[in-house]
Amino acid sequence: MKPLCFVLMPFGRKPEGTGRIIDFDAVYSQIIRRGVEAAGMEPIRADQEEIGGTIHKPMFERLMLCEYAIADVTGANPNVYYELGIRHALRPHSTVIIFAENTTLPFDIAQQRGAPYRLDANGGVVDGEGDSAMIAQRLRTANENTHDDSPLFQMIDGMPRIEVDHAKTDIFRDRVAIAKEYRDALEAARRQGVDAVRAVAADPRLAELRNVEAGIIVDMLLSFRAVGTAEGCEEMVALHARMPKELQHARMVREQLGFALNRLGRSDEAEKVLVEVIREFGPNSETNGLLGRVYKDLWEKAKAEGQRIPARGYLKRAIETYRAGFEADWRDPYPGINAVTLMEIQDKPDPGLAALLPVVRYAAGQRVARDGGNAGDYWDHATLLELAVLARDEEAAEESAATALALVREPWEPATTARNLRLIREAREARGEDVAWLAELEEALADAEARMMAK
């Protein structure tokens with residue numbers, strides 16, 4: 001069997017010291033994973049950030065039992081440093097430190113023999129092939145060195161070394177294989193619908209969730225969300241109720257619970273969950289975006305029922321909530337686009353719209369620019385589409401729509417965008433504007449949703 005290499009690193013896009021936004025998922029796929037596999041090893045990536053920073057038993061097992069480890073210390077991520085400290089306390093050899101070139105390292109880490117990889121000014125990978133070869137070489141020689149790479153074992157004579165029972169290692173390997181089995185099964189099931197995901201979740205080995213890795217549980221949660229149906233949301237709520245308490249209280253899991261409750265029309269419960277998360281962790285683009293959606297749905301419901309004054313109050317709360325999420329992180333345009341859209345569709349457009357719209361449009365454009373202009377994410381281009389509509393830029397809207405429609409992954413994506421465009425169209429129609437071009441965009445998005453549902 002291949003040796004296991006545990007990868008300690010951030011997830012998603014994160015800032016580092018120079019102000020660049022680094023796509024760590026791209027660093028993993030284009031550099032680290034390739035390097036680990038080229039060294040003849042099996043990579044295992046940490047999953048704790050996906051569940052809001054929860055440290056759980058499998059994390060410690062991986063730090064102890066994986067024969068090799070790579071720690072990417074770029075950006076001074078506290079979780080990575082914590083895990084690296086544990087690894088150095090447990091293993092004298094076989095831990096490789098890497099970082100983006102020109103990263104300023106703290107004194108203790110700077111004394112270790114790390115390996116830099118190269119990124120461009122936008123945080124993109126420069127030479128994935130060369131850097132992955134460098135990592136492969138470091139891993140091959142990591143256990144051949146006569147000197148320990150752990151500073152603890154270097155400096156303390158007679159530091160006791162843990163000998164792990166082979167039976168424990170074999171059990172750990174079995175669990176790693178099972179986790180991969182479920183990831184693959186859930187990925188296939190998401191394309192088939194809620195019944196297929198439900199069938200995977202019904203496996204008897206998943207009956208007692210306390211004995212299941214947190215990563216598998218979160219994968220199930222997100223798979224039920226991905227099917228985009230009310231049944232999937234009901235399964236999300238039911239799954240949350242069965243989770244271990246520590247996982248139930250992870251921020252990311254609570255956010256997904258709020259999403260599911262709102263989709264099921266249980267807005268009071270959704271609001272309570274999301275308000276508590278913001279109270280505990282502060283405003284952020286993800287949680288505020290979900291809470292803003294709660295108020296947005298309540299506004300639409302009150303408006304449809306002819307409750308003019310309550311509707312006005314919900315709309316105001318939605319705008320405030322989305323705007324707070326955008327102001328918490330100006331680099332994330334998603335709550336900003338919701339704020340400016342709702343500001344546009346008020347009976348009297350908000351006077352602050354003219355000032356905020358170009359800021360959000362700039363943030364959205366920068367997000368695409370950081371990807372080197374590559375068409376890689378539906379929401380990047382759907383956001384540019386909606387912003388172009390708000391700016392009454394028909395040519396840019398059509399171009400962004402064409403790119404976004406080629407990147408649809410789930411049916412609820414174009415449905416969400418079409419819903420937002422409908423709100424803008426209806427508000428402008430009420431003011432007597434010509435909106436025929438908007439109706440055409442809505443129709444294209446509806447067609448994309450229908451095609452995805454038919455797959």
Side-chain angles (χ1 to χ4, degrees), residues 19 21 283-300 302-303 308-309 311-370 373 377 379-404 416-442 445:
I21 304 296
N284 70 86
S285 58
E286 180 67 21
T287 319
N288 280 67
L290 292 168
L291 181 59
R293 177 60 185 267
V294 173
Y295 296 136
K296 184 178 176 182
D297 289 346
L298 287 170
W299 162 70
E300 283 203 273
K303 181 183 176 185
R308 186 179 62 85
I309 295 177
R312 184 176 177 180
Y314 287 129
L315 182 57
K316 183 179 179 182
R317 293 181 75 181
I319 293 170
E320 291 171 348
T321 303
Y322 280 128
R323 187 163 186 165
F326 180 58
E327 290 175 349
D329 185 354
W330 298 94
R331 295 168 305 217
D332 187 348
Y334 297 142
I337 177 60
N338 281 284
V340 293
T341 296
L342 295 182
M343 292 165 80
E344 160 78 18
I345 63 180
Q346 294 181 104
D347 293 337
K348 294 182 179 179
D350 194 309
L353 175 61
L356 187 58
L357 178 56
V359 179
V360 180
R361 202 170 183 186
Y362 177 79
Q366 286 297 108
R367 189 179 184 95
V368 174
R370 286 194 297 267
D377 185 275
W379 289 111
D380 286 344
H381 297 280
T383 299
L384 290 175
L385 160 62
E386 196 168 332
L387 289 165
V389 168
L390 289 169
R392 294 171 172 80
D393 187 340
E394 295 184 32
E395 184 178 348
E398 189 169 314
E399 183 177 344
S400 294
T403 305
T416 300
T417 305
R419 176 176 180 267
N420 290 343
L421 295 192
R422 173 179 60 80
L423 293 173
I424 297 170
R425 175 179 56 79
E426 290 174 349
R428 289 181 177 175
E429 275 182 331
R431 299 183 197 125
E433 292 188 40
D434 181 4
V435 291
W437 65 283
L438 268 177
E440 186 178 349
L441 291 172
E442 284 181 66
L445 289 161

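When reading the values below, keep in mind they use all heavy atoms of this one structure, side chains included, and skip hydrogens, waters and symmetry mates. Sequence positions, counted from 1, serve as the residue numbers for this chain. Not measured: the values here are computed from a predicted model.
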(message) Just to verify, which of I345, I319, V294 counts as forming a side-chain contact (heavy atoms from CB on, under 4.5 Å) with W299?
(response)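 Among I345, I319, V294, the one that satisfies the side-chain contact (heavy atoms from CB on, under 4.5 Å) with W299 is I345.
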Is the closest side-chain heavy-atom distance between [X] and [Y] below 4.5 Å?
X	Y	value
L315	L342	yes
N338	N420	yes
L387	V340	yes
W379	I337	no

For [X] and [Y], which heavy atoms make the closest approach, and how far apart are they?
X	Y	value
T417	A382	OG1-CB, 3.7 Å
W437	A397	CZ3-CB, 4.0 Å
A324	P283	O-CB, 4.2 Å
A401	L441	CB-CD2, 3.8 Å
D332	S285	OD2-OG, 2.6 Å
G292	T321	N-CG2, 3.6 Å

(request) Could you tell me whether E300 and K296 have a side-chain N and a carboxylate O separated by less than 4.0 Å? (result)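 No, E300 and K296 are not salt-bridged.
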(message) Does this structure show an ion pair linking D393 with R361, if we count only N-O contacts that are shorter than 4.0 Å?
(response)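 Yes, this pair counts.
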Say you draw a straight line from [atom1] of [X] to [atom2] of [Y]; how long is it, rounded to the nearest 0.5 Å?
X	Y	atom1	atom2	result
L356	E327	CG	CD	7.5 Å
T341	L423	OG1	CG	8.5 Å
T403	E398	OG1	CD	11.0 Å
E426	L438	CD	CG	11.0 Å
L353	M343	CG	CE	5.5 Å
L385	D380	CG	CG	12.5 Å

(request) Give every residue pair that meets the salt bridge (charged side-chain N to carboxylate O under 4.0 Å, His left out) criterion with at least one member in residues 313-322, sequence neighbours excluded. (result)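 As it turns out, the salt bridge (charged side-chain N to carboxylate O under 4.0 Å, His left out) pairs with a partner in residues 313-322, which skip direct neighbours, are E271-R317.
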(request) For R431, enumerate each residue passing the salt bridge (Lys or Arg N to Asp or Glu O under 4.0 Å) test, keeping only those at least two apart in sequence or located in another chain. (result)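 Testing R431 for salt bridge (Lys or Arg N to Asp or Glu O under 4.0 Å), a comparison that skips the adjacent residues, returns E344.
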(request) For residues 326-351, pull every pair meeting ring pair (Phe, Tyr, Trp, His ring centres under 6.0 Å), keeping only residues two or more places apart or in separate chains. (result)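 Qualifying pairs: F326-W330.
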(message) Looking at R428, I want to see if its CZ is surrounded by more than 12 non-hydrogen atoms of other residues, nucleotides or ligands under 6.0 Å.
(response)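 Yes, CZ of R428 has more than 12 neighbouring heavy atoms, counting only those of other groups under 6.0 Å.
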(message) Does E433 have more than 12 heavy atoms from other residues, nucleotides or ligands lying within 6.0 Å of its CD?
(response)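 Yes, because the 6.0 Å sphere around CD of E433 holds more than 12 heavy atoms from other groups.
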